Amino acid sequence: MSAPAVDVGHADYLKHAKGILSWLYTLDHKRIGVMYLIVTSVSLLLGGAFALLVRAELFTAGPTIMEHDTYNRMFTLHGAVMVFLFIIPSIPAALGNFVLPIQLGVKDVAFPRLNLASFYIWVLGACFLMWSMYDSAIDTGWTFYTPYSSDNANAVSAAAMGVFILGFSSIFTGINFIATINKMRPKGMTFFKMPLLLWSLYATSLIQVLATPVLAITLLLLTLERTMGLGIFNPALGGDPVLFQHFFWFYSHPAVYIMVLPGMGVISELIATFSRKRIFGYSFIAFSSMAIAFLGFLVWGHHMFTSGQSKTASIIFSALTFTVAIPSAIKVFNWLATMKGGAIWLTTPMLYALSFIWLFSIGGLTGMFLGTLNVDVHLHDTYFVVAHFHYVMVGGTLMALFGGIYYWWPKIFGRMPNDKMGRLSALLTFIGFNVTFFPQFILGSRGMPRRYYSYLPEFQDLHQISTVGAFILGVGILVGFAGVVMSLKNGKKAPANPWGANSLEWYCSSPPPHENFKVQPEATDPYDFSGWKWDKRTEGYVRKASEA
Amino acid sequence: MSEAAIDADAAHEDDDHGHHDEPFLGHHFKDHDHQFNTGKLGIWLFLGQELLFFGGLFCAYAIYRGMHPEIFVEGHHFLDVNLGAINTCVLLFSSLTAAWSVRMAQLGNKKGLMLMIALTIACAFGFLGIKYIEYSHKFHEGILWGQLFAPSPEAMEHAMHGVEANSRLHIFFSIYFVMTGLHGIHVIGGIIAYAWLLKRAAAGHFGPNYYGPVDFIALYWHLVDLVWIFLFPLLYLIH
């Protein structure tokens with residue numbers, strides 16, 4: 001198999017067309033990916049600001065900087081913005097959109113106009129959510145539980161419709177990715193020769209297409225419940241509020257795998273590249289992505305052990321929940337086995353990847369505590385749950401996103417990110433994250449309930465440690481962004497392949513030309529790093545002469 | 001919104017996304033077959049998400065029917081089986097014309113294609129017209145959803161023959177109006193999509209090489225039809 005020639009010399013996609021309209025009307029997956037990267041990053045900063053307000057309030061018991069009503073709004077907005085505007089679209093829609101077609105060697109995703117439409121649907125949904133904040137910020141928690149959500153006076157309908165609309169953005173991205181991966185792989189790339197990122201995006205897309213519509217119909221019913229008084233969820237009208245929880249978690253449990261699976265894909269790429277070693281157990285990692293996607297649909301009831309659902313149902317959901325641990329652990333063990341005996345290169349992306357493994361392991365293992373039926377009855381709705389899902393979702397998505405941004409930034413913008421700031425940021429986010437959330441495990445196991453704005457005096461020390469950690473984490477995130485954004489101005493020009501990786505995106509120039517490849521190249525072996533050697537002059541990797 | 005957007009193949013002059021010699025072939029596809037097969041997978045995925053979207057409602061139906069079967073038996077007496085049956089026939093016929101429109105596009109028969117699309121649109125309007133008669137009749141008699149459910153004594157007598165109605169009967173009508181209403185919105189979506197097709201068919205865009213959009217929208221239309229095929233017995237024909 002001959003390697004595709006390094007493709008350089010055409011006008012890159014950033015310079016291909018000029019003017020703001022050439023961005024707003026673009027059908028180019030790379031530009032759409034960049035636009036997603038910008039809006040999801042802004043959402044992260046907004047959601048982060050709400051988080052810091054929440055943590056600042058919790059620095060002392062009783063009112064610190066706000067009253068309890070404001071506090072209820074702050075944690076709701078933090079959750080809603082982070083989940084629906086940031087975590088779900090961040091890696092698939094931003095990095096995935098940019099990288100997926102290039103890794104397949106094609107010029108674009110299968111449906112470029114649907115891709116652009118999904119971006120604008122995201123913008124519309126975000127506008128609804130923002131408007132609901134401006135109108136009268138919701139205080140239901142991001143889960144919109146009935147009956148509180150069906151009869152309170154805040155702008156729940158606007159927020160619910162916002163999430164409804166955002167859901168379709170997610171569905172369309174999923175449709176696009178599945179069709180692209182199924183139908184547009186290059187010659188020689190069977191499913192089991194794809195980079196693992198594509199497997200994880202494929203599994204994610206399946207969940208997006210199959211689970212999100214159920215959330216959509218649920219939120220539509222909630223909105224109709226509020227505006228027209230349907231009585232399906234509202235007990236005052238003879239409805240069943242627990243049915244809402246079933247519907248909601250039928251989507252929202254699979255949705256946590258929408259949040260973490262793409263991150264796992266990114267980590268698989270980073271670990272292999274920076275261990276300079278073939279990924280260990282390729283097919284196990286690939287199948288484990290699909291297994292997580294499948295099992296994710298069968299465990300929603302573990303959010304509802306205390307809701308009054310039948311004991312039999314709870315026992316079955318608890319047992320099924322444990323099975324998710326198997327594919328998750330397979331991934332972690334395979335990453336560790338990949339690193340064993342590898343030539344580990346501690347770049348900024350690799351530091352984030354290692355951080356991911358640490359945080360995800362803690363988050364995953366504490367998930368086992370919560371999946372255990374009788375333990376969960378004690379820990380339900382405590383800070384233990386808060387700490388657990390932050391370890392998985394933030395540890396999962398945020399670390400993988402930053403790792404991915406630092407990894408692909410040279411490809412996206414043609415500039416090397418600032419390595420010192422990147423390392424500092426990786427360190428600060430890792431420390432800040434653990435200082436914030438580890439104490440919350442202890443708080444929760446001692447009985448501190450979540451979503452309370454005040455607490456008993458004995459919880460004060462741990463709350464204060466947690467608040468300090470949150471601000472360290474905030475600084476770490478800002479430094480992380482600064483490290484990449486500043487490189488646009490004074491960063492070193494990036495070579496085509498700064499990391500010596502072998503998936504197809506490293507074969508086109510940095511930034512890639514408008515059409516990625518003139519002709520679709522043949523597949524490479526994404527985990528064979530032997531064909532590249534370091535070139536001092538460009539400070540990047542070039543193909544070894546023998547193969548050229 | 002989706003049928004139009006999912007059609008990835010028309011020329012995108014603004015972004016240099018077209019083959020220069022083939023106006024309706026996207027630059028990222030090898031040939032028309034490749035484009036057609038990809039679009040077909042896309043529309044099937046879209047239909048899959050539609051199934052789950054309606055699936056939530058069918059699930060709510062099943063749960064309430066399991067918990068309170070009596071409200072479904074009582075509720076169906078308020079519905080007009082004849083009008084429902086006529087509408088079923090109208091939609092079945094429109095599925096025939098939709099399928100025929102695909103054949104006409106494959107044969108490059110522009111007149112036939114336009115006729116079939118026009119017939120499909122006419123059936124869709126016919127369906128909505130009959131649904132309008134049903135709805136306005138119910139509105140008039142106060143047979144509404146949830147908290148607005150306040151049937152006139154005559155309507156109550158006519159359906160229940162003096163038997164006391166179950167206190168949750170309004171939930172049947174919540175489910176009835178949401179399911180048929182959402183289905184109606186899908187019919188309107190189909191009309192918009194077919195109007196767009198009619199315009200393109202008149203411009204002579206479709207032929208044996210390129211008929212993807214006709215095929216995909218027909219598939220969508222069959223799904224809308226299929227949902228009604230389930231709604232009709234589940235709501236109207238209960239004993």
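Every chain is numbered from 1, with letters handed out A, B, ... down the list of sequences. Because the structure is predicted, anything quoted here is derived from the model rather than measured.
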Quick one: of [options], who has the most non-hydrogen atom pairs under 4.5 Å with chain B?
options	result
A/Leu237, A/Val214, A/Asn182	A/Leu237
A/Gly239, A/Ser118, A/Pro213	A/Pro213
A/Pro101, A/Ala179, A/Gly174	A/Ala179

Say whether, by atom type as modelled, one donor and one acceptor occur between the side chain of [X] and the main chain of [Y] under 3.5 angstrom.
X	Y	result
B/Tyr64	A/Ile232	yes
B/His34	A/Lys183	yes
B/Trp145	A/Met228	yes
B/His170	A/Gly231	no

Check: So which part of A/Leu224 gets closer than 4.5 Å to some heavy atom of chain B, the side chain, the backbone, both or neither?
Finding: side chain
Check: Under a 4.5 Å heavy-atom cut-off, does chain B meet the side chain of A/Gln520, its backbone, both or neither?
Finding: side chain
Notebook entry, point to check: Under a 4.5 Å heavy-atom cutoff, which of B/Gly56, B/Gly55, B/Gly48 has the most pairs with chain A?
Noted result: B/Gly56
Note to self: For A/Thr180 and B/Thr38: C-alpha separation, side-chain torsions, deciding distance, then whether side chain to side chain contact (heavy atoms under 4.5 Å, CB included) applies.
What the structure shows: CA-CA 8 Å; A/Thr180 311; B/Thr38 310; over 6 Å; no
Heavy atoms, side chains only, cut-off 4.5 Å: are [X] and [Y] in contact?
X	Y	answer
A/Leu230	B/Ile175	no
B/His28	A/Glu515	no
B/Leu52	A/Val209	no
A/Ile217	B/Phe54	no

Check: Are A/Thr212 and B/Gln49 close enough, and set up right, to give a side chain to side chain contact (heavy atoms under 4.5 Å, CB included), and what steps lead you there?
Finding: CA-CA 8 Å; A/Thr212 318; B/Gln49 79 83 26; over 6 Å; no
Check: Step by step, would you call A/Phe247 with B/Cys59 a side chain to side chain contact (heavy atoms under 4.5 Å, CB included)?
Finding: CA-CA 9 Å; A/Phe247 277 3; B/Cys59 184; 3.8 Å; yes
